[in-house]
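Accompanying notes for the structure given below.
Everything numeric here is computed off the predicted structure, so don't read it as measured data. Counting begins at 1 with the first residue of the sequence.
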Amino acid sequence: EILQISLLILLNLFIIMTTKSIIDENKIFLGIDFGVKKIGISVGQLITKQASPLKIIFNNKNKVNWNDIDKIIQEWKPDIIVVGYPYSNSKNTFTKLLDDFILNLTNKYINSVKIIKFSEVLSTEESKILYSEIRKSEYNIGKKENLDDLSASIILQSWFNENMIT
């Protein structure tokens, strides 16, 4: 487990070193929390250093809903997309589907959008805690199982916090 954490830290340091040079404050970022049934999307900018939930895309019979993803990318014209990735020692069916998704996303937007994988280890748990806190406030949010856009914003915000905020 210590080795796993060390590898994550090294990977994130590498990402920091390779991405800071391509960043400017006017660029648009999307965060993605990939799921087989749903994909959470968030949006953010460096000028505010804030990520916000944007949309939950519902896939069609467990097939990626590229039509809705393409619409969001065309509307927001992001420069960078940060995709949450559950780093682990072993590949499983989900990580293989996620790898295929990232490969397809990269190939579709190879000339216009940089795709970055980022550890999502805590995003789902953080979104459940945040959801609980929001429920205690006066805000009216949807069903508990629809946290994917909130998870996507946590992924993107975590990436901002680790890579962009000095």
For a side-chain contact (heavy atoms from CB on, under 4.5 Å) check, start with the C-alpha distance between Lys108 and Ile73, then their side-chain angles and the critical distance, and finish with the verdict. CA-CA 11 Å; Lys108 278 180 86 106; Ile73 291 174; over 6 Å; no
List the atom of Ala152, the atom of Gly31, and the distance in Å for their closest heavy-atom pair. CB-O, 3.6 Å
Could you go step by step and tell me if Ile56 and Ile41 meet the side-chain contact (heavy atoms from CB on, under 4.5 Å) rule? CA-CA 6 Å; Ile56 297 174; Ile41 309 285; over 6 Å; no
As an exercise, state the distance from CG of Leu105 to CG of Leu30, rounded to the nearest 0.5 Å. 9.5 Å
Are Ile154 and Asp33 side-chain neighbours, meaning at least one heavy-atom pair lies under 4.5 Å? no
Nearest 0.5 Å, what's the CG-NZ distance between Asn65 and Lys71? 8.0 Å
Worked verdict on Val43 versus Phe29 for side-chain contact (heavy atoms from CB on, under 4.5 Å): CA-CA 6 Å; Val43 65; Phe29 291 75; over 6 Å; no
Could you measure the distance from the CD atom of Gln45 to the CG atom of Leu156? Nearest 0.5 Å is fine. 11.0 Å
Within this structure, what is the CG-OG distance for the pair Asn163 and Ser158, rounded to the nearest 0.5 Å? 10.0 Å
Could you report the tightest heavy-atom contact between Phe34 and Val36, atom names first, then the distance? CE2-N, 4.4 Å
If you draw the axis of the six-membered ring of Tyr85, does the NZ or CZ of Lys117 fall within 45° of it and under 6.0 Å from the ring centre? yes
Euclidean distance, Leu150 CG relative to Ser153 OG, rounded to 0.5 Å: 4.5 Å
With Ile102, which of Val83, Ile81, Ile116, Ile32 fulfils side-chain contact (heavy atoms from CB on, under 4.5 Å)? Val83
Distance alone, cut at 3.5 Å: any donor-acceptor contact between the side chains of Gln74 and Asp70? no
Classify the ring geometry of Trp66 against Phe101: parallel below 30°, tilted from 30° to 60°, perpendicular beyond 60°. parallel
Does the side chain of Asn59 come under 3.5 Å of the side chain of Asn62 through a donor N or O and an acceptor N or O? no
Is Lys55 salt-bridged to Asp149, cutoff N-O under 4.0 Å? no
Is a side-chain donor or acceptor of Asn60 paired with a backbone partner of Lys63 at a separation under 3.5 angstrom? no
Inter-residue atom distance Gln157.CD - Asn161.CG, 0.5 Å rounding: 4.5 Å
Evaluate the criterion side chain to side chain donor-acceptor pair (under 3.5 Å) for residue pair Asn107 and Asn104; output intermediate values, then yes/no. CA-CA 5 Å; Asn107 288 337; Asn104 288 331; 5.0 Å; no
Quick check: closest heavy atoms across Lys38 and Phe58, and the distance to 0.1 Å? CD-CE2, 3.4 Å
For Trp76, the ring-ring contact (aromatic ring centres under 6.0 Å, His included) test, sequence neighbours excluded, returns none
ILVMFWY network linking Leu97 to Leu103, side-chain heavy atoms under 4.5 angstrom: no
